[in-house]
Amino acid sequence: MIGSSRSLRPSGGVRVRRSVLGALAGVAALLATGVTATPASAAPDPGAVAPSARERALAFWTPQRMREATPLDVLSVDRSDVRATAPRKGKATVVAPSAPASAVGPLAFPQGGGPWSGGGAVAGTAGRVFFTYQGRTASCSGNAVSSANKSTVLTAGHCVKLEGAWHTNWVFVPGYHDGQRPYGTWTAAKTLSTPQWTASEDINYDIGAAVVAPLDGKKLTDVVGGQGLAFNTGYNKAMYSFGFPAAAPYDGEKFVYCSGTTFRDFLLSGDHGLTCDMTGGASGGPWFTQFDEATGTGLQSSVNSFKYNFLPNAMYGPYFGADAQNLYQNAQSS
């Protein structure tokens, strides 16, 4: 059923050729049982991570390494790559934001990929993700969400694991802009993904999470706040997508957004689609429903995931169904 390879879009970022593992129809039978995979170097509990390991990661990510990190491109998919089944659904569930409200100026809707100049809570909860991949430094995007452990970041599955290997030296820099780290650099104590991405890197479940260690004795969302979440709330919604695209024509230094009414992928996946020009480095950035431009808060309902080779101006993000919800529960309880 799947015989071709999938590659990352050649837009100046890290490029990968790989075979898609297994038929997507088969992974629909995998039940979300709370099973997640963790890098061999990571401890099973965030509190068990040795201070020396966190110090090494912090020392590794110098300003120069961050500037030179190659954007991990948004996954690029051909027609022959997948024959998808719809993601498992469940009861509609909403988690309220914990980010403080702050004033945001009115911005254009729809928007195909412009700088976010309004500020607000999202400018602090979203950030860049940096890690080592196949011996090279790379970058994605991520977002802090409300969680029981106050330490949960959501991103794309391929921003924590790709080609069967978990990324190392993983850090999250909320509020990144122009080389600045206003809220510090937060090291991952644990990274995890959906069972389907972990097992076969199924694009329908390209969702990842990280539990970050405290920084200077404080927990992440106590510092930057956390966005809300929405699971199983349907398609065809007004959404805002955010990220730090770093491949041309972007440079990774600016916070960029797209907005518009989404559509359900009518081709191969069960994903949301949105007109959006963001490039490599934006992977893992949050998509929000019920986003309030007046406060910069919303309900995270997806992440930047992939583009079709033949539709370069459309971004796709996985549906937050039962498996995404289970991943969130696993992360926040870690």
Side-chain angles (χ1 to χ4, degrees), residues 24 27-39 42-46 75 84-95 97-98 125-126 129 131 140-162 164 166-167 170 172 186 188-212 220-221 226-233 269-272 283-289 299-306 316-334:
L24 298 185
V27 298
L30 291 175
L31 297 179
T33 58
V35 177
T36 57
T38 304
D45 183 84
L75 292 177
T85 55
R88 281 195 323 126
K89 303 208 170 44
K91 182 180 179 181
T93 304
V94 169
V95 177
S98 59
T125 64
V129 169
F131 50 87
C140 276
S141 301
N143 182 61
V145 294
S146 296
S147 57
N149 60 13
K150 298 184 177 182
S151 302
T152 298
V153 176
L154 292 186
T155 186
H158 68 272
C159 295
V160 297
K161 174 185 177 287
L162 189 61
W166 295 89
H167 305 322
W170 202 101
F172 175 60
W186 300 74
K190 181 178 183 180
T191 54
L192 53 161
S193 187
T194 58
Q196 294 88 346
W197 183 263
T198 299
S200 62
E201 301 186 3
D202 179 346
I203 59 169
N204 281 290
Y205 302 91
D206 183 19
I207 311 163
V211 178
V212 296
L220 176 64
T221 60
Q227 295 287 352
L229 300 103
F231 302 100
N232 299 295
T233 52
S269 77
D271 284 19
H272 302 283
S283 289
W287 292 36
F288 297 106
T289 52
L299 303 178
Q300 184 165 351
S301 304
S302 189
V303 295
N304 295 319
S305 174
F306 79 92
Y316 292 85
Y319 184 86
F320 271 22
D323 296 284
Q325 187 172 0
N326 285 342
L327 171 63
Y328 166 69
Q329 295 291 358
N330 292 339
Q332 74 162 347
S333 64
S334 295

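Distance alone, capped at 3.5 Å, places no donor-acceptor pair between the Trp287 side chain and the Pro318 backbone. Panel note: side chain Thr221, backbone Ser146; no donor-acceptor pair is recorded below 3.5 Å. Looking only at distances, no side-chain donor or acceptor of Thr155 sits under 3.5 Å from a matching main-chain atom of Val153.
Asn143 and Gln300 form a side-chain donor-acceptor contact under 3.5 Å, judged by distance and modelled atom types alone. Residues His158 and Ser283 bring a donor and an acceptor atom of their side chains to less than 3.5 Å of each other.
Ser151 is linked by a side chain to side chain donor-acceptor pair (under 3.5 Å) to nothing, counting only residues two or more places apart in sequence or in another chain. For Ala324, the side-chain contact (heavy atoms from CB on, under 4.5 Å) criterion is met by Ile207, Phe231, Phe320, not counting sequence neighbours.
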Checklist entry - For Leu154 and Leu229, what are the C-alpha separation, side-chain angles and deciding distance, and is it a side chain to side chain contact (heavy atoms under 4.5 Å, CB included)? => result CA-CA 10 Å; Leu154 292 186; Leu229 300 103; 3.5 Å; yes

Checklist entry - Hey, mind stepping through Ile203 and Tyr316 against side chain to side chain contact (heavy atoms under 4.5 Å, CB included) and telling me if it holds? => result CA-CA 10 Å; Ile203 59 169; Tyr316 292 85; over 6 Å; no

Next on the checklist: Apply side chain to side chain contact (heavy atoms under 4.5 Å, CB included) to residues Cys140 and Phe131 and explain how you reach the verdict.
Outcome noted: CA-CA 8 Å; Cys140 276; Phe131 50 87; 3.8 Å; yes

Next on the checklist: I'd like to know whether Tyr319 forms a side chain to side chain contact (heavy atoms under 4.5 Å, CB included) with Asn204, so could you lay out the CA-CA distance, the side-chain angles of the two residues, the decisive distance to 0.1 Å, and finally the verdict.
Outcome noted: CA-CA 7 Å; Tyr319 184 86; Asn204 281 290; over 6 Å; no

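Minimum interatomic distance between Ala156 and Val303 (heavy atoms only, all atoms of both residues): CA-CG2, 4.1 Å. The two residues Ala210 and Ala188 come nearest to each other via the heavy atoms CB-CB, 4.4 Å. When all heavy atoms are compared, the tightest approach of Asp206 to Gly157 is OD1-N, 2.8 Å. Here the shortest heavy-atom pairing between Gln329 and Ser333 reads O-OG, 2.9 Å. For the pair Trp197 and Leu162, the tightest heavy-atom approach, listed with the atom from each and the gap, is CZ2-CD1, 4.2 Å. What you find for Ser193 and Val160 is that their closest heavy atoms are CB-CG2, 4.3 Å.
The NZ atom of Lys190 sits 3.0 Å away from atom OG of Ser334, with the distance rounded to the nearest 0.5 Å. The distance from the NZ atom of Lys161 to the OG1 atom of Thr191 is 10.5 Å, given to the nearest 0.5 Å. For the atom pair CG (Leu192) and OG1 (Thr198), the distance works out to 8.0 Å, reported to the nearest 0.5 Å. With rounding to the nearest 0.5 angstrom, the NE2 atom of His272 is 11.5 Å from the OG atom of Ser305. For the atom pair CG (Leu220) and NZ (Lys150), the distance works out to 11.0 Å, reported to the nearest 0.5 Å.
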